[in-house]
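All values below were derived from every heavy atom in this structure, side-chain atoms included, with hydrogens, water molecules and symmetry-related copies excluded. First the proteins, then the strands, lettered A, B, ... as listed; each starts at 1.
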Protein chains: 4
Amino acid sequence: MSKLGRPINCVGVDTCQRLLIEARRSFAADGFDATTNKKLAQSVGITTAAIYHYFPSKIEMYVAVFTDVQDLVCKTIENAISKDADFSENISKTVDALAALTVREPAVVAFVMSVSSEAHRHPEVKKAVLPLSGRIGRILLDVCEKAVSRGEVSEQISAQSLEDMLTVVLSGLGRFNMVYKDARRTKELVNSMKLLLTGAAFRVSTSV
Amino acid sequence: MSKLGRPINCVGVDTCQRLLIEARRSFAADGFDATTNKKLAQSVGITTAAIYHYFPSKIEMYVAVFTDVQDLVCKTIENAISKDADFSENISKTVDALAALTVREPAVVAFVMSVSSEAHRHPEVKKAVLPLSGRIGRILLDVCEKAVSRGEVSEQISAQSLEDMLTVVLSGLGRFNMVYKDARRTKELVNSMKLLLTGAAFRVSTSV
Amino acid sequence: MSKLGRPINCVGVDTCQRLLIEARRSFAADGFDATTNKKLAQSVGITTAAIYHYFPSKIEMYVAVFTDVQDLVCKTIENAISKDADFSENISKTVDALAALTVREPAVVAFVMSVSSEAHRHPEVKKAVLPLSGRIGRILLDVCEKAVSRGEVSEQISAQSLEDMLTVVLSGLGRFNMVYKDARRTKELVNSMKLLLTGAAFRVSTSV
Amino acid sequence: MSKLGRPINCVGVDTCQRLLIEARRSFAADGFDATTNKKLAQSVGITTAAIYHYFPSKIEMYVAVFTDVQDLVCKTIENAISKDADFSENISKTVDALAALTVREPAVVAFVMSVSSEAHRHPEVKKAVLPLSGRIGRILLDVCEKAVSRGEVSEQISAQSLEDMLTVVLSGLGRFNMVYKDARRTKELVNSMKLLLTGAAFRVSTSV
DNA sequence: GATGAATGAGCTTTCATTCAT
DNA sequence: AATGAATGAAAGCTCATTCAT
């Protein structure tokens with residue numbers, strides 16, 4: 001009876017922020033299901049019940065993390081892109097910026113990567129996240145459309161397909177970094193990718 | 001009371017095979033956690049207890065599916081690769097073969113794609129799958145090493161990095177197909193990817 | 001941080017009264033368990049913690065409501081009863097008064113109705129409420145004893161039994177009104193009940 | 001690991017039946033909310049998880065109990081009623097039969113009594129129980145309609161109102177028995193009620 | 001007089017697994 | 001080869017209550 005309620009002398013600075021950060025990390029690393037309230041609470045130093053003071057449900061917490069992260073990634077890409085630069089340069093800088101973000105905040109990129117799978121696995125996540133998602137794709141599509149209209153890519157490739165290619169490669173990079181946590185190997189791969197995407201990877205193309 | 005034991009008139013032909021197929025599909029589509037014994041049993045038309053006649057645990061079942069699937073993918077790639085062909089041709093045929101497999105057996109490719117994440121999320125899966133894995137990577141590495149030694153790629157790119165690039169792109173393709181189930185868009189992307197990997201995507205490269 | 005403490009411009013006029021009224025309504029309609037502090041606080045426009053300024057516990061709040069309500073019902077019955085009237089008239093007026101109260105304050109009657117069940121379900125409620133309860137029964141018993149001593153009822157019926165009958169019928173009326181919220185049907189039932197209790201319901205009795 | 005699964009040598013005869021009986025008792029005595037899976041399981045001698053082998057949810061279990069109980073009560077009333085008997089006799093026998101049932105199976109009557117409140121408190125219960133309920137009311141209404149058409153009751157009382165009266169009195173009896181568990185007092189009340197309902201309670205009616 | 005943050009206990013439900021038949 | 005019955009563990013979530021501000 002007397003031991004119930006809030007314990008005396010408990011500080012709890014910025015619990016909400018710490019919760020969001022830890023949730024991001026865990027959702028990214030372990031997935032939605034394996035991220036249990038218990039582990040989360042323990043990491044942050046509170047009880048599971050306290051989580052519900054900040055988020056009405058696990059799903060809502062996921063959405064909050066998603067919104068945060070999407071913002072960060074969008075800003076990162078937008079800062080890397082310049083209206084005056086050509087496609088090759090924009091891509092190069094985007095890859096660099098995302099690679100840097102991956103190093104600084106691995107959880108951010110890994111989280112973004114995992115969203116589509118989680119959305120597919122959990123209908124409720126899908127329903128909550130779908131209306132918010134798509135921002136990143138739209139930014140990339142803009143770049144691709146400009147590249148196509150400027151005649152910077154082969155006529156065989158549509159803007160949509162070009163954007164799909166970018167998505168595949170960029171998300172692949174993030175995924176790669178997540179799986180093999182080998183900074184040096186990832187860096188080398190990033191460079192190779194930049195060469196590939198800017199068209200200087202293969203001698204064949206020039207020799208033929 | 002009298003209904004216990006094995007029911008009469010139950011053939012049980014290849015229940016094991018049906019179990020493996022359904023498990024593959026579900027592991028690929030829903031993930032390891034969301035693939036529950038209950039759903040699995042229902043899909044196959046048996047009870048959860050019966051599963052344990054074929055596999056001693058969920059993990060072992062996962063490993064069995066993994067072995068199956070790895071075999072299929074390896075054979076597919078090996079058939080696409082020829083010792084006499086150059087890198088560009090080998091890659092082109094490999095992409096085609098995997099794209100075809102993705103269409104024929106979406107679960108196969110999707111499963112392969114998910115293995116690394118699952119292994120990361122579930123230490124027990126990792127421990128069981130690790131010693132078996134790496135076959136696909138080794139095959140691709142072979143092709144890449146030959147390409148490098150023949151001088152078919154830029155000197156800035158190592159064989160390892162080339163293989164990483166291939167892995168990223170190929171797995172990215174599989175993932176893309178899984179997320180957007182748009183056959184036409186995937187086909188266009190496959191073609192664009194082939195152009196990219198064989199170095200003919202960008203006009204820039206030719207103009208320089 | 002700065003938002004803690006008592007918010008400015010909060011009058012807090014009779015928050016306690018509003019709390020009591022809402023608690024009465026909710027206890028009556030939803031029961032003790034389903035009446036959560038959270039819902040209560042929301043309905044009144046405060047936080048759950050604020051409730052504890054007025055009542056040291058949920059049980060005490062229940063007791064407070066009980067005392068209020070018992071008072072109201074007792075006064076209602078006492079006003080309906082007259083020493084000079086005969087049993088039949090007293091009953092008739094009591095039924096009318098309670099029926100009117102049911103219409104004016106449905107929660108009052110419904111609450112009274114539910115007390116015995118709640119007391120049975122929750123030992124703590126029982127312990128707190130028991131010493132206070134019984135007032136209504138005593139008033140009715142008085143009326144019944146006078147009726148018996150005056151020879152107004154069949155010799156086969158004791159005063160205690162007569163009071164039990166009254167209790168059953170009166171509480172049954174309240175319960176009926178609570179379940180079917182059909183004012184017209186309830187009114188008709190009240191009239192029938194008055195006929196029954198005053199002995200004019202059945203032709204059989206007169207024909208024989 | 002090795003301690004999981006079904007324990008060796010566990011008999012479990014008629015667990016489902018025992019579960020239903022205990023659930024009926026507990027739902028009736030403690031209510032839906034206070035009837036926890038844990039207590040239920042302990043009473044029956046199993047674990048909470050085992051409950052879900054028999055009922056997919058608590059609500060479904062409640063519905064199963066309800067169906068059982070309704071059947072019993074309906075049969076009891078139907079057996080007491082005879083087409084050839086007059087209203088007074090039918091009612092007298094019905095009251096006797098239900099009183100006997102109340103003694104033999106207190107939980108049955110108490111459960112029936114509580115259904116309407118529970119349905120009101122829990123929308124899910126309401127949704128599940130509503131389509132099944134009403135059987136008892138229909139049986140009583142039949143009796144009442146016959147009584148009205150035969151001219152056995154005062155013209156001021158409609159068949160519907162007569163049935164409402166019966167319901168109030170009968171359910172009131174059950175409730176009374178539940179609250180005061182005094183067999184002798186209940187028996188006396190039953191007799192008084194029979195006098196009341198058959199019109200012989202009050203001298204007033206004959207003397208005037 | 002009222003708040004926001006936090007708690008321990010408890011609830012319903014699900015899961016992989018086990019065992020006798 | 002397959003079943004029905006049962007388990008321990010754990011998950012997400014709710015609740016009455018407490019404390020510092």
Side-chain angles (χ1 to χ4, degrees), chain A residues 1-13 15-16 33-39 41 45-54 56-59, chain B residues 1-8 10-12 15-16 33 36-39 41 45-54 56-59, chain C residues 1-8 10-12 15-16 33 36-41 45-54 56-59, chain D residues 1-13 15-16 33-34 36-39 41 45-54 56-59:
Chain A
M1 278 287 170
S2 62
K3 289 206 170 184
L4 285 185
R6 190 190 189 188
I8 56 178
N9 287 335
C10 68
V11 261
V13 234
T15 306
C16 185
D33 286 327
T35 297
T36 68
N37 285 342
K38 201 178 179 181
K39 281 191 224 162
I46 55 175
T47 60
T48 57
I51 294 179
Y52 290 81
H53 193 59
Y54 301 98
S57 74
K58 202 181 167 189
I59 296 273
Chain B
M1 281 289 166
S2 60
K3 287 201 172 185
L4 283 185
R6 185 188 186 188
I8 54 180
C10 77
V11 228
T15 302
C16 183
D33 285 328
T36 68
N37 284 343
K38 201 176 178 181
K39 281 191 225 160
I46 55 176
T47 60
T48 56
I51 293 179
Y52 288 80
H53 264 281
Y54 302 99
S57 76
K58 200 182 168 188
I59 295 275
Chain C
M1 281 289 167
S2 60
K3 287 202 172 185
L4 282 183
R6 186 187 186 188
I8 53 179
C10 74
V11 229
T15 302
C16 185
D33 285 327
T36 68
N37 284 344
K38 201 176 177 182
K39 281 191 224 160
L40 224 49
I46 55 176
T47 60
T48 56
I51 293 179
Y52 288 80
H53 263 281
Y54 302 98
S57 75
K58 200 182 169 187
I59 295 273
Chain D
M1 278 286 170
S2 62
K3 288 204 171 186
L4 285 184
R6 191 192 188 186
I8 58 179
N9 287 335
C10 68
V11 262
V13 236
T15 305
C16 185
D33 285 327
T36 67
N37 286 341
K38 203 178 179 182
K39 282 190 223 162
I46 55 175
T47 59
T48 58
I51 293 179
Y52 289 80
H53 194 58
Y54 300 98
S57 74
K58 202 182 168 186
I59 295 273

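- Closest to the side chain of C:Ala49, from the set E:dT17, E:dG4, E:dA5, is E:dG4.
- With the nearest nucleotide of DNA chain F identified for both C:Thr48 and A:Lys38, A:Lys38 has the one nearer the 5' end.
- Here the P atom of nucleotide E:dT7 and the CG atom of A:Asn37 are 13 Å apart, to the nearest Å.
- By the side chain to side chain contact (heavy atoms under 4.5 Å, CB included) test, A:Lys39 is found to be paired with A:Thr36, residues two or more places apart in sequence or in another chain being considered.
- Heavy-atom nearest nucleotides on DNA chain F were determined for B:Gly45 and for A:Pro56, and the one closer to the 5' end corresponds to B:Gly45.
- Taking atom OH on C:Tyr54 and atom C1' on E:dA2, their separation rounds to 8 Å, with Å as the unit.
- Between C:Thr36 and F:dT14 there is no side-chain polar atom (N or O) within less than 4.0 angstrom of OP1 or OP2.
- In terms of heavy atoms, C:Ala41 sits closest to C:Thr47 at CB-C, 3.6 Å.
- Distances shown here put a side-chain N or O of B:Thr47 below 4.0 Å from the OP1 or OP2 atom of F:dT3.
- Atom-to-atom distance recorded for C:Ile51:CD1 and C:Leu40:CG is 5.0 Å, nearest 0.5 angstrom.
- Between the P atom of E:dC11 and the NZ atom of D:Lys39 lies a distance of 7 Å, rounded to the nearest Å.
- Spacing between atom CG of C:Leu40 and atom P of F:dT14 amounts to 18 Å, rounded to whole angstrom units.
- Taking each heavy atom of B:Tyr52 and B:Ser57 in turn, the nearest pair found is CE2-CA, 4.2 Å.
- Checking E:dT3, E:dT17, E:dA6 against every side-chain atom of B:Lys58, the shortest atom distance belongs to E:dT17.
- Taking the side chain of A:Tyr52 as heavy atoms from C-beta on, and the options E:dT14, F:dC13, E:dC19, the nearest nucleotide is F:dC13.
- The CG-P distance, from A:Asp33 to E:dT13, rounds to 19 Å in whole Å.
- Scanning both residues, A:Lys58 and A:Asn37, for their nearest heavy atoms gives CG-OD1, 4.2 Å.
- Between E:dA6 and A:His53, no contact under 4.0 Å exists linking OP1 or OP2 to a side-chain N or O.
- A distance of 12.0 Å separates NE2 of C:His53 from SG of C:Cys16, quoted to the nearest 0.5 Å.
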Given Watson-Crick or G-U pairs with both distances under 3.5 Å, what dot-bracket string fits DNA chain E, with | for other-strand pairs and [ ] for crossing?
-> .||||||||||||||||||||
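- Separating the CD1 atom of D:Ile51 from the C1' atom of E:dT14 is a distance of 14 Å, rounded to the nearest angstrom.
- Ranking F:dG12, E:dT17, F:dA16 by closeness to the B:Ser57 side chain, first place goes to E:dT17.
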